[in-house]
Protein chains: 4
Amino acid sequence: MRADAQRNRAKILAAAEEVFVESGADASTEEVAKRAGVAIGTVFRHFPTKNDLLAAMMKQLADRLAGEAETLAAQGDPRTALFTFFEGVVEQAAGKKTVVELLGVDIQVGRQLQAMRDAIGTLLMRAQESGAVREDVQLDEVMALLTATSHGALHAGWSDDLRARTLSIVFAGLGPS
Amino acid sequence: MRADAQRNRAKILAAAEEVFVESGADASTEEVAKRAGVAIGTVFRHFPTKNDLLAAMMKQLADRLAGEAETLAAQGDPRTALFTFFEGVVEQAAGKKTVVELLGVDIQVGRQLQAMRDAIGTLLMRAQESGAVREDVQLDEVMALLTATSHGALHAGWSDDLRARTLSIVFAGLGPS
Amino acid sequence: MRADAQRNRAKILAAAEEVFVESGADASTEEVAKRAGVAIGTVFRHFPTKNDLLAAMMKQLADRLAGEAETLAAQGDPRTALFTFFEGVVEQAAGKKTVVELLGVDIQVGRQLQAMRDAIGTLLMRAQESGAVREDVQLDEVMALLTATSHGALHAGWSDDLRARTLSIVFAGLGPS
Amino acid sequence: MRADAQRNRAKILAAAEEVFVESGADASTEEVAKRAGVAIGTVFRHFPTKNDLLAAMMKQLADRLAGEAETLAAQGDPRTALFTFFEGVVEQAAGKKTVVELLGVDIQVGRQLQAMRDAIGTLLMRAQESGAVREDVQLDEVMALLTATSHGALHAGWSDDLRARTLSIVFAGLGPS
DNA sequence: GATGAATGAGTGTTCATTCAT
DNA sequence: AATGAATGAACACTCATTCAT
C-alpha cells in the first residue's frame, strides 16, 4: 500500500472513532468521509463495508487497550494494576461509545480481542496472587463488569465522582471478603 | 379522547414494547403499527414522533418497575429485597433492549423514572437499615450499577451463570466489608 | 386499494414502459418516478423492487399480446392470423425494448407468459390445419423466431422495408415447401 | 507504442472478451483489468472510455468472423457455405453475449463490420449462383436474420435442438420456393 | 508508461413523517 | 379519528474516470 493510502486509512479510522463515538454506530459513513476529508469512495475502498470499518476501528481500540494492560502487567504494582486498568478503561469509555461496543460481542474482533482478554487475565492472576482479589473470581466476571461499567459510564453520563463511587463498590466486591 | 382511541393507544404501546424489545430501537414504526393492528397514521396521531412513542413506552416500563420495587418494599425481606429487585431487572434486561435503554438517559422519561428511583431508594434504605448494605452507599451508585449490569446482560449476552457470578460480586461490594 | 393509488400504479407502469423502452432495463427507477410524476418512494411502495416493477410491466405486456392473439384466433382468417400476429408483435418491438425482453426468459412472468404461449399455439394450430404452415413446425420454433425477430427489429433498428423482407423469409420458411 | 504496451493492449482485449462474454456489458472495467493482470489505469490509458474498450473488442470479433466467412468463401461448397457460416455464428452467440451485441448497432464498429458484411455478401452471392438461395434475397435480410437468431440464441437460451429447428426454418425460407 | 488510490455522481432501497381520502 | 398512500431525505454501496506517485 502506498504511503498516502496508508495515511488516508489512518485518517479514516481516526474520523470513524470520532464520529461513531459522538453519534453511535448509526452515524453515516458519509459523515466519516467528510470528517476524514476524503470522498465517500475512499472510505469504501479501504473498508468495503460499513461493518468492516467498525470492526477495524474496534480492533485498533482493542490493540490499544491490550497494550495498556500489558504495560501495567509488566510495570505496575500487582495489587493495584487490575484496578488501575479497570479505572482507565471506564474513564475512557465515558467519552467513547466505541470502547463500550468493543467490549460487547456485537462485532467479532477476533484475535485482537483475545489479546486483550489475555492481558487482562494476567492482571487478574497477579492481583489474585497478591491477595488483592478473591481466588474464586474468574476472568469472565471481570470482563463482564468491565463491559457493564463502561457501558454505564458512557450511556448514563456518570460524573467523575459517581464513576469513582461505583467502581469502589465493584472493587470492594472483587476484594477479599 | 374517545374510548376506542384510548384502546388504540394501549394497543400501540403494547406493540411498541414487543417490537422494540425484539429488534431494538431501530425497528420501524410501520412494524409497530402492523403489530398493533392499526394503520401507521394512527400511531403518529397518538405519538407525533417516533421518539415520543419510545418515550411513552419507556414511561410505561418505568411505572412497571417502580411497581415491582414498591411491592417488594411493602412485602419483602428488607435484607434481600433490593438484591431481589436488582436481579429481576437484570434478568429481564437480558431479553429486553428496552429495559436497558430505559435505564440510560438517552430518552428523558422524567417523572416516571423519578418514581422508580424513589421506590429503589426505599429498598436501599431498608437494606441499609437491616445491615445488608453498607451505610455509605448512595442511591446513585446503586442506580449506576443497575444500569451497567443491565446493559451488560443485554449487549454481552451473558449466560445465566455468568450473570449470577457477576451480580454476586456486585452484591458483595454493596454488603458490609 | 384506493382509487388514487390505483391511478398512480397505472401511471408508474406506463412511465416504466416508456422509460425502459427508451433506455433499456438499466434506466433508473428514479427516472421512472420522475416520468410518472410521483416521488421515488411511491414507486417502491407499489413495486418493492426494481425487478418487481420490470416484471409487472412485462406481465402487462404479455396480457396485451395474449389478448391480441386471442382476438385474432377468434376473428381472423386462420391462414393468415399467425402471420398477422407475428408482424404486429415485431412491429411493436421495433419501438419497444420491453416487448423484446418479455419474449426472452430473463424475468419470469409466469402465468401471463403461458397464456400468451397458449394463444399463439392456437394460432399456429389453425394455420397448420388450414395448410398455411408446415405440419412439422412446433410452437417452440415459432416462439423462438418471434423472439429473435423482435430482438432484431429493436436492436438493429430495422426499417419498415427491411422488416417486411425479413419476415417474408421467415414466413416462407414456415409455409409448405 | 512500446512492445510491452502492445502486449498489454492485447492482454486487455482478451480479458475484455472473456469478462464481457461471461457477464455481459455491465461487467466492471475493474474486473477486466484484474483478469488482464493489469492495473485499472492501464486499461483507461489504452481505451479512454469503457465504450472504447467495448468497441475495440467488437472490432476484433468482427475481424475474426470476417476471416471465417472469407475462409469459407475460398474453400467451402458454395451451396452450403452461407448456411455453415450462419450456423457457426449463431452457435457461438449462444455462449457469447458479445457476438450478439456486435451484430446489433449499439456500438459503431465501422470498417471491421463492413469487412464482415462484405465477406458474408460473397457467401450469399455464391449461394445464389449455385441456386441454394433465392435470387430476390438481399444481404440486408440475411444480416438481419443473422442478428436476430444470434440474439435469440443468446437471450432465450435455446437448446441445441431448438436452435437447429429454428435455423432450418430460416434456411427453408431462404431456399428456392 | 504503469500503478492503484481517490473521486463523486448515481443506484436501489428504507423509513419517519405528512396529508388526502 | 382512522386510514394508508405519498413524500423525499438519507443511506450503504458501485463504478467509470482522473490523477498523484
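Quick caveat: nothing in here was measured; it's all calculated off a predicted structure. The chains referred to below are lettered A, B, ... by the order of the sequence lines, with proteins before strands, and numbering in each begins at 1.
Within the 4.5 Å cutoff, no side-chain heavy atoms of D:Leu54 are placed close to those of D:Phe47. Within the 4.5 Å cutoff, no side-chain heavy atoms of D:Met57 are placed close to those of D:Leu61. The closest side-chain heavy-atom distance from D:Glu22 to D:Arg35 is below 4.5 Å.
Residue A:Asn8 places none of its side-chain N or O atoms closer than 4.0 Å to OP1 or OP2 of E:dA5. Dashed line: the shortest gap from a side-chain N or O of B:Thr49 to OP1 or OP2 of E:dA16 is not under 4.0 Å. For D:Thr29, a side-chain nitrogen or oxygen approaches OP1 or OP2 of F:dA16 to under 4.0 Å. Residue A:Thr42 has a polar side-chain atom (N or O) positioned under 4.0 Å from OP1 or OP2 of E:dT7. Put simply, C:His46 has a side-chain N or O that comes within less than 4.0 Å of OP1 or OP2 on F:dA6.
Spacing between atom CD of C:Gln6 and atom P of F:dG4 amounts to 15 Å, rounded to whole angstrom units. In this structure, D:Phe44 places its CZ atom 5 Å from C1' of F:dA16, rounding to the nearest Å. The NZ-C1' distance, from B:Lys34 to F:dT3, rounds to 15 Å in whole Å. For B:Ile12 and F:dA2, the CD1 to C1' distance is 10 Å, given to the nearest whole Å. A:Glu31 has its CD atom 12 Å from the P atom of F:dA10, to the nearest Å. Rounded to an integer number of Å, the gap from CG of A:Asp26 to P of E:dC15 is 12 Å. Rounded to an integer number of Å, the gap from D:Lys11 NZ to E:dA2 P is 10 Å. What separates CD of A:Glu30 from P of E:dG8 is a distance of 11 Å, to the nearest Å.
Side-chain atoms of C:Lys50 come within 3.5 Å of backbone N or O of C:Ala25 as a donor-acceptor pair.
Backbone-only engagement by B:Ser28 is indicated by non-hydrogen atom pairs under 4.0 Å involving sugar-phosphate atoms exclusively.
Projected onto DNA chain E by closest heavy-atom contact, C:Ala27 and D:Val38 fall at different nucleotides, the more 5' of which corresponds to D:Val38. Between A:Arg9 and D:Arg45, the residue anchored closer to the 5' end of DNA chain E is D:Arg45, taking for each the nucleotide with the nearest heavy atom. Checking B:Ala39 against C:Ala39, the closest nucleotide of DNA chain F that is more toward the 5' end is the one next to B:Ala39.
Closest approach to the C:Ala5 side chain among F:dA6, F:dA20, E:dG12 is made by F:dA6 (side chain taken as heavy atoms from C-beta onward).
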### Task
For DNA chain F, produce a single dot-bracket line, 5' to 3'. Pairs: Watson-Crick or G-U wobble, both distances under 3.5 Å. Symbols: ( ) within strand, [ ] crossing, | other strand, . unpaired.
.||||||||||||||||||||
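Separating the CE atom in D:Met58 from the CG atom in D:Leu13 is a distance of 11.5 Å, to the nearest 0.5 Å. For the atom pair B:Ile40 CD1 and B:Glu31 CD, the distance stands at 10.5 Å (nearest 0.5 Å).
For the side-chain contact (heavy atoms from CB on, under 4.5 Å) with B:Phe44, the lone residue among B:Thr49, B:Asp52, B:Thr29 that qualifies is B:Thr29.
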